[in-house]
Undergrad: 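I'd like to ask some things about the structure below.
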4 protein chains.
Amino acid sequence: MPTGTDTHRRKVSEMKRAAIVDAARKNFLTHGYAGAGMAEIAHDADVSTATLYKHFASKEALFVAVVKQVARSAGDYSGLFAPNDTVRDILYKACRTYLAAQFEQDANALMRIVMAEVPGAPQLARETYAELGTRRIDSFKAVVDQMIARGMLRPHDSAFSARIGSGILKEIFVWPALFDKEIGLPPDTDEKIHRCIDCFMAIFGSED
Amino acid sequence: MPTGTDTHRRKVSEMKRAAIVDAARKNFLTHGYAGAGMAEIAHDADVSTATLYKHFASKEALFVAVVKQVARSAGDYSGLFAPNDTVRDILYKACRTYLAAQFEQDANALMRIVMAEVPGAPQLARETYAELGTRRIDSFKAVVDQMIARGMLRPHDSAFSARIGSGILKEIFVWPALFDKEIGLPPDTDEKIHRCIDCFMAIFGSED
Amino acid sequence: MPTGTDTHRRKVSEMKRAAIVDAARKNFLTHGYAGAGMAEIAHDADVSTATLYKHFASKEALFVAVVKQVARSAGDYSGLFAPNDTVRDILYKACRTYLAAQFEQDANALMRIVMAEVPGAPQLARETYAELGTRRIDSFKAVVDQMIARGMLRPHDSAFSARIGSGILKEIFVWPALFDKEIGLPPDTDEKIHRCIDCFMAIFGSED
Amino acid sequence: MPTGTDTHRRKVSEMKRAAIVDAARKNFLTHGYAGAGMAEIAHDADVSTATLYKHFASKEALFVAVVKQVARSAGDYSGLFAPNDTVRDILYKACRTYLAAQFEQDANALMRIVMAEVPGAPQLARETYAELGTRRIDSFKAVVDQMIARGMLRPHDSAFSARIGSGILKEIFVWPALFDKEIGLPPDTDEKIHRCIDCFMAIFGSED
DNA sequence: AATGAATGAGATTTCATTCAT
DNA sequence: AATGAATGAAATCTCATTCAT
């Protein structure tokens, strides 16, 4: 019965593919795009280079696969609204979610690499920006929309305020981390988040 | 009289050095750090590779020189205060100066490359962040301080507000440009700047 | 059955390795260490430079391999004692064996190169001296020990006499060859050997 | 008066030449022929590379000059015969003189380098062998001749015995030093010399 | 006569990719 | 389908030597 064999083969093949993407992500993040080597990736994934090339036609194709895999995890903004939450409570949770997605998934390191490839692979960079940049702000915007609907924020252009909020968070937390791989979230993150929220509410808060 | 000869030689040598840095900047910006080739840089500068290496001991040293040269042009924030300027006028000019420094000198492209080198050359990245990141915000902060002193802005922590302002501008203008080398300042830049100023003044404006 | 493939691959690979060492020996001997080029070695071995570097991680590693290969042929001193041989017969055969190992395997040329690398690679030089210098004398000493046991030579410190014998042979035959690559064993080698034996027996011969 | 100036100029020029040869010797001995760099030699001699090339047309020519300079100091065997000296006393002094010339003037290191250049510069090697090898043995032979004339040694072919003596000394003292730049004369040099003399006298001593 | 910046040619080494088995 | 040895093309860097001043 070839079916069973086929299924088995496909399963093995997919596992190898996953192992490759995994090994590739680690290598790209550690050594950068140019620094990562196909041989080492293959070795780390317990696969021959030839097999690697069966799955991904080129280094760039492999890199695209890694980016897409990471970008897929955008952060979950559902269930942010608990019954007795204040405006600040909800904004705080939204900020935390935003930052978690940015820091926990190596998204910073990935952004660095993607940016570096802008001259060489503009399409990839644009797509990644859409995934890692725009999409996250859209999620944030959805939260803002809900808050406006509930009268928690003054009515305004939420697309704009979401970017403003994102910009403030990036400046305080993300930007430094882009230039230093050892910088994570600082110990006084909470306090800083609240100062950011102060700003946000000074602009977009309801007027009472 | 060796002086004449020496002076001449030095002058020629310095011109070659400048030509090398120039060619290097173009190459790095076009192809990225790894993509740029010393041979091509030397060729573009009309110099042999050996001469190139007399001036810069390694590819990295050359890159550092390029970064420093670009960073040197941090933007001139003096003479921002004209007699009858409103708060908004001054902030507008400050924003324009900030954005000019960021866009006119290829600073965006350079930032991309430096970020890409974070894993491989952390020290360089940190120094560049200090030059291209922190220093620009400091200039901005000095403007804010003056405005506070003149009662144009509510008294507050100017170090913080300078970062907030910088963060907002980056999000709206810089961030997209980091992911797309063809993105410069948009046609409706003025309008966008004014929306940013609205935000800034909502937070830090004097309360009248 | 991967075994067949593996075996075949290994066989091919080993042949290439041998070809590389061979080509390398010729190049090193002809042009010296610094003068030999990896590209030419690869070409002579019908192999790409990349393959060469798969087998030997560096020029130095390749040179070490060459030295070890040559050193392996230390000369065979067994079967020197025939029933009716006189003392002189046996010493003559030992001298011939010693000189054969020194001249037939390019050991002289190799010694030259190794010596030249003394400042740059002291460890290698020391090891080579152990292989090409000490070990050969040890073999000679074993022969002397047997001759003493049979009463053919006066009892004495064989470690010392072996060095004396080796020193005399080196002076007469090896030393000139070290300074002139075209000098091999001279036509009157036999006569010279016997004069050396005269000296040796004058010192260490039994007194009858 | 140009004469004074000319004389002065020539004097300066000769001093520079000497400085160059000196710096060259140090560099060659330290780094080997290939390892030594013309730029560094010029720097060490406080001279420009162009001046260096005015004095010596090429690296090889400079090396030849160094070899000749060192070879010129062959050791002084005159005044070896004191009134009441025994045979052994005189031979001891001759050995000491021989070894001093070999070890004190970096002759070992120079020999290493010359040998390395045998394939590339055969003529130089042959000449050096004549200077550093043959000539020293000739001096030794002269001493032997005198000893024969005085009845201190059995009449024999002194050209041969000088080589035998030289060979024994080389084996014991020089050979190891050729493979290890840190090896000088050992602490028990005297004892070893006397064992060598024992051998020599067993062969060539007068029979009383 | 002297300088030292500049050079051309070549060195070793690396790596994404292919191909015979 | 999978292997891993082999490759070609290029990269960074060095150095003896020359030349304009």
Undergrad: Whole angstrom is fine here: how far is it from NZ in D:Lys54 over to C1' in E:dG4?
TA: 13 Å

Undergrad: Heavy atoms under 4.0 Å, any strand shown: does D:Ser58 hit a base, just sugar-phosphate, or nothing?
TA: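 Counting heavy atoms under 4.0 Å across all strands, the contact made by D:Ser58 is with sugar-phosphate only.
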
Undergrad: Can you check the D:Glu60 CD to F:dC15 C1' distance for me, whole Å?
TA: 17 Å

Undergrad: Given F:dA5, E:dA16, F:dC15, which nucleotide is nearest the side-chain atoms of B:Ala50?
TA: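 That would be F:dC15.
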
Undergrad: Rounded to the nearest angstrom, tell me the gap between atom NZ in C:Lys11 and atom P in F:dA6.
TA: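 Those two atoms, NZ and P, are 15 Å apart.
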
Undergrad: Without decimals, in angstroms, what is the distance between A:Tyr53 OH and F:dA5 P?
TA: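 Answer to the nearest Å: 16 Å.
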
Undergrad: For residues C:Ala109 and C:Leu29, report the shortest heavy-atom separation together with the two atoms involved.
TA: CB-CD2, 3.4 Å

Undergrad: Rounded to the nearest angstrom, tell me the gap between atom CG in C:Asn27 and atom P in E:dT12.
TA: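 Taking CG of C:Asn27 and P of E:dT12, I get 10 Å after rounding.
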
Undergrad: C:His55 near the nucleic acid: base, sugar-phosphate alone, or nothing, with a heavy-atom cut-off under 4.0 Å?
TA: sugar-phosphate

Undergrad: Treating C:Lys59 as the side-chain partner and C:Tyr33 as the backbone partner, does any N or O pair qualify as donor plus acceptor under 3.5 Å?
TA: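 Yes, C:Lys59 side chain to C:Tyr33 backbone: donor-acceptor pair under 3.5 Å.
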
Undergrad: Go nucleotide by nucleotide along DNA chain F from the 5' end; which of B:Lys59 and A:Ser48 gets its closest nucleotide reached first?
TA: A:Ser48

Undergrad: Counting Watson-Crick and G-U wobble pairs whose two distances are both under 3.5 Å, find the runs of 3 or more in a row that involve DNA chain F.
TA: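 Stems for DNA chain F, defined as runs of 3 or more consecutive pairs: E:2-21 with F:2-21.
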
Undergrad: Are there more than 12 heavy atoms of other residues, nucleotides or ligands under 6.0 Å from atom NE2 of C:His43?
TA: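 No, the 6.0 Å shell around NE2 holds no more than 12 heavy atoms from other groups.
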
Undergrad: Side chain of B:Thr51, backbone of B:Val47: donor and acceptor closer than 3.5 Å?
TA: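 It does not hold such a pair.
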
Undergrad: Could you check A:Ala36 against B:Lys16 and say which one's nearest nucleotide on DNA chain E is further toward the 5' end?
TA: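 Looking at DNA chain E, the more 5' nearest nucleotide goes with B:Lys16.
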
Undergrad: Taking atom types as they are modelled, would you say the side chain of A:Thr49 forms a donor-acceptor pair with the base of F:dA5 within the 3.5 Å cutoff?
TA: yes

Undergrad: Determine the contact category for B:Ala57: base if any of its heavy atoms lies under 4.0 Å from a base atom, sugar-phosphate if only primed atoms, P, OP1 or OP2 are that close, otherwise nothing.
TA: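 Nothing, no nucleic acid heavy atom in range.
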
Undergrad: Could you tell me the separation between the CD1 atom of C:Ile41 and the P atom of E:dA11, rounded to a whole number of Å?
TA: 11 Å

Undergrad: Take atom CZ of D:Phe56 and atom P of E:dA2, then tell me their distance rounded to the nearest Å.
TA: 13 Å

Undergrad: Determine whether D:Met111 and C:Met115 make a side-chain contact, defined as any pair of heavy atoms from C-beta on separated by less than 4.5 Å.
TA: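 Counting from C-beta outward, D:Met111 and C:Met115 never come under 4.5 Å.
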
Undergrad: Which residues pass the salt bridge (Lys or Arg N to Asp or Glu O under 4.0 Å) test with B:Arg25, not counting sequence neighbours?
TA: B:Asp22

Undergrad: Specify the separation, in whole Å, of atom CG of D:Leu52 and atom C1' of F:dC15.
TA: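 Checked: the CG to C1' distance equals 13 Å.
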
Undergrad: Quick check: on DNA chain F, is the nucleotide nearest B:Ala39 upstream (toward 5') of the one nearest C:Thr51, or the reverse? Name the residue that is more 5'.
TA: C:Thr51

Undergrad: My understanding is that only one of B:Phe63, B:Tyr129, B:Phe28 makes a side chain to side chain contact (heavy atoms under 4.5 Å, CB included) with B:Val114; could you say which?
TA: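 It is B:Phe63; the other options fail the test.
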
